[in-house]
Every structure is written in structure tokens, then in C-alpha cells.
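Just so it is clear, the model here is predicted, and its values are computed rather than measured. Scope of the values below: all heavy atoms of this structure, side chains included, with no hydrogens, waters or symmetry mates.
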Amino acid sequence: MELVAGPSSLEIAYKISNILKADLIEVEQKFFPDSESYIRIKKSVKNEDVVIIQGMHPPQDTHIIQTFLLIDTLLDLGASSVELVSPYLAYTRQDKRFLDGEAVSFKTLLKILHKLGLKKTYTVNIHCPWIIQESPTPIIDLRGEKPLAAHIKEHRFSKPVVISVGKKGLDMAKMVAEQLGVEYASAQSERDRVTGQVKVELDGLPGIEAIVVDDIISTGGTMVELIKLLKRRGFKKIYATCIHALLVGNAVERIFNAGADRIIASDTVPNRFTEYTVAGIISEELKKKYG
Ligand code: R5P
């Protein structure tokens, strides 16, 4: 198996290659003067099974085009098969037509990946797990809760409660809380499809220290509402944790202003709040197939 470090995910690609003790093929990447993407693979991949490591975090559209170019070029250069590790998959929050006439962007993305000849996609905490059965190319959805909980455990928080949001969040909170041996709950949330404004409600769960877990922090709107609610309930320490830290615009400022003591994120998306890595769970999965 040959590992290819996509331009968007160099750091995590190095971590995975270290764990697997596998060489990493680097890609020459640049932009043409008009901003179009240029990709060049500088090593022969003829008859090789290739795994690309390339996340689709912002700037998503550039990283997606690079992914298309990588898959197509590797197969064109004679690779036997190409799989993709995309720690963060883009457009997963547009998995259905919420308003008449909208593009179902994630389905379009999956169709193109399949048409290009991609054999499999590995990702972490996909936002819309229900779409996996519909994907024309198999998707392996790895769970970041284990390394997140292990990281929290190492930091010996006193007796936190774990709070999340939504039905999927309940599952996430449960996984983290069970590893920590603490209580958990999930808030109900509603987002205005036009303004993006989020409202949250939570049945009572008292405590002093809260670990708020969410799969994604994007604009920070959901996290901010949860933090404000927990502050009103008397929580003294609040940790805003997530798998994918997109932290768009002034999300960081808003989260701290709302009363968070710390933001804790994984390395699926390069960001300055990374405290734990998902390279281990990705490597374990790759080992199952490639030894
Ligand atoms: C919602 O279903 C997700 O779990 C996240 O809460 C949401 O995507 C976060 O987005 P934002 O940070 O923009 O509120």
C-alpha cells in the first residue's frame, strides 16, 4: 500500500505514516496564476494500492477539486486501486433538500467520487451517518469519541457531566460519558433554516463542570447557546469540545465570550485548539486491510 499526503492534510498524514511505518508520497501542489489547482504525483504508483489522505475542510471547494485530481491522476498513472481517508468530509450538512430547489450537495459529491473510480472512503464522525447506506462507494465512519474521552480522562477533570445536542449528540455524549463514568444528557435544538439562528433546550442535569461535546463547531452558534444555557444553570467550568473544529468567522471569540474555559478539538481539521489526534483510529482501520 502507498500512502499519499494530500495537500490539505499533511500533518495528520505524517502521523498516520509514522504509526503505520509506511512511506508517504508527497504531492506537488500549486495554483496557476488564475487560482486553478495544479497537482503532480512525483513517484510511480503503477500497480499499487493507494490510500490518499486529504481532508475537505475549508477552503472546501479547493480541497475537493484537489481530491478529484488526485484520484483521477493516480488511477490514470496505473494505480490498482485508490481509497480516500478524508478526516473531515465537506457538504455533509447539505444531505437533503431543506428548501425547494436546493442542491443536495453531499449526494453530488458522493456521485462524483464514485464515478472517478474511488473504491472506499474513510472518515471520522460523519455528520449524516444515515446517508452511508445510500452512498455508491462504501464509507467507513470512524468515531472520535474514544480518543476524545481518553484525552479528557488524562486531564482528570473533577466530576464533569457530558452535554451534547440532538439525537446524534446523545449517542456521542453517551460514548464519552461511559468512558469517563459520568452522567450525560443531550439538549434539543432547532435551527432557523433561513437565519441560521439556533435555539436549545435542556432538561435539568445539575453540575459544576460541563464537557460539551459536538461533532462540528462551525459558526459556534450551537455551542454558544449551550454554554449560555449551562451558565444560567450555574455551571462554573465549561469545556467546549468537538471532533471537527471549523471555527468559522468569530466563532472562537463568541465561544469564549459566552463563558467557555477551553476549546478542545481533534486534528481532523488543522486548528490551534487541537489537543488530541484521530490518527490512531484511522491507522488501526487501515491496518485491518493493509496489515
Ligand atoms: C448540528 O447538528 C451539529 O451537531 C452542530 O451542532 C452544528 O453543525 C454546529 O454548527 P454551528 O457551529 O454553526 O452552530
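The salt bridge (charged side-chain N to carboxylate O under 4.0 Å, His left out) check on Lys174 picks up Glu178, with sequence neighbours excluded. In this structure, the ring-ring contact (aromatic ring centres under 6.0 Å, His included) partners of His151, at least two apart in sequence or on a different chain, are His155. Judged as a ring-ring contact (aromatic ring centres under 6.0 Å, His included), and not counting sequence neighbours, the contacts of Tyr38 are Phe32.
Pairs of residues two or more places apart, or lying in two chains, that qualify as side-chain hydrogen bond (donor to acceptor under 3.5 Å, both in side chains) and include a residue from residues 72-82 are Asp49-Ser81. Pairs passing the side-chain hydrogen bond (donor to acceptor under 3.5 Å, both in side chains) check and including a residue from residues 234-258, sequence neighbours excluded, read His244-Thr268.
Side-chain atoms of Ser105 do not come within 3.5 Å of backbone N or O of Tyr91 as any donor-acceptor pair. A donor-acceptor contact shorter than 3.5 Å links the side chain of Asn271 to the backbone of Val269. A donor-acceptor pair under 3.5 Å links the side-chain atoms of Gln54 to the main chain of Ser8, judged by distance alone. Between the side chain of Asn125 and the backbone N or O of Gly144, at least one donor-acceptor pair lies under 3.5 Å. For the pair Asp261 (side chain) and Ile238 (backbone), a donor-acceptor distance under 3.5 Å is present. Of the possible polar contacts, one joining the Ser9 side chain to the Gly55 backbone as a donor-acceptor pair under 3.5 Å is found.
A donor and an acceptor atom, one from each side chain of Asp267 and Thr274, are nowhere located under 3.5 Å apart. Residues Tyr290 and Glu83 bring a donor and an acceptor atom of their side chains to less than 3.5 Å of each other.
For the residue pair Ala240 and Ile227, the shortest heavy atom distance occurs at CB-CD1, 4.4 Å. Scanning both residues, Cys242 and Tyr276, for their nearest heavy atoms gives O-OH, 2.7 Å. Here the closest non-hydrogen pair linking Glu201 and Leu229 is CA-CD1, 4.2 Å. Taking both residues in full, the closest heavy atoms of Val161 and Pro206 are given as CG1-O, 3.9 Å, listed atom of the first, atom of the second, then distance.
Under a 4.0 Å N-O distance rule, the pair Asp192/Lys199 does not qualify as a salt bridge. A salt bridge links Lys43 to Glu2: one of the charged nitrogens lies within less than 4.0 Å of a carboxylate oxygen. With respect to the salt-bridge test (charged N to carboxylate O, under 4.0 angstrom), the residues Lys96 and Glu102 do not qualify.
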List the atom pairs, with distances to 0.1 Å, where a side-chain N or O of residues 215-225 and a protein N or O form a donor-acceptor pair under 3.5 Å, not counting sequence neighbours.
{"unit_1": "Asp215", "atom_1": "OD2", "unit_2": "His127", "atom_2": "ND1", "d": "2.7"}
{"unit_1": "Asp215", "atom_1": "OD2", "unit_2": "Lys168", "atom_2": "NZ", "d": "2.9"}
{"unit_1": "Ser218", "atom_1": "OG", "unit_2": "Arg93", "atom_2": "NH2", "d": "3.1"}
{"unit_1": "Thr219", "atom_1": "OG1", "unit_2": "Gly221", "atom_2": "N", "d": "3.2"}
{"unit_1": "Thr222", "atom_1": "OG1", "unit_2": "Arg191", "atom_2": "NH2", "d": "3.2"}

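Side-chain atoms of Ile126 and Phe106, non-hydrogen and from C-beta on, do get closer than 4.5 Å to each other.
Atom CD of Glu285 has more than 12 heavy atoms from other residues, nucleotides or ligands within 6.0 Å.
Residue Ser86 forms a side-chain contact (heavy atoms from CB on, under 4.5 Å) with just one option from His57, His63, Met56, and that option is Met56.
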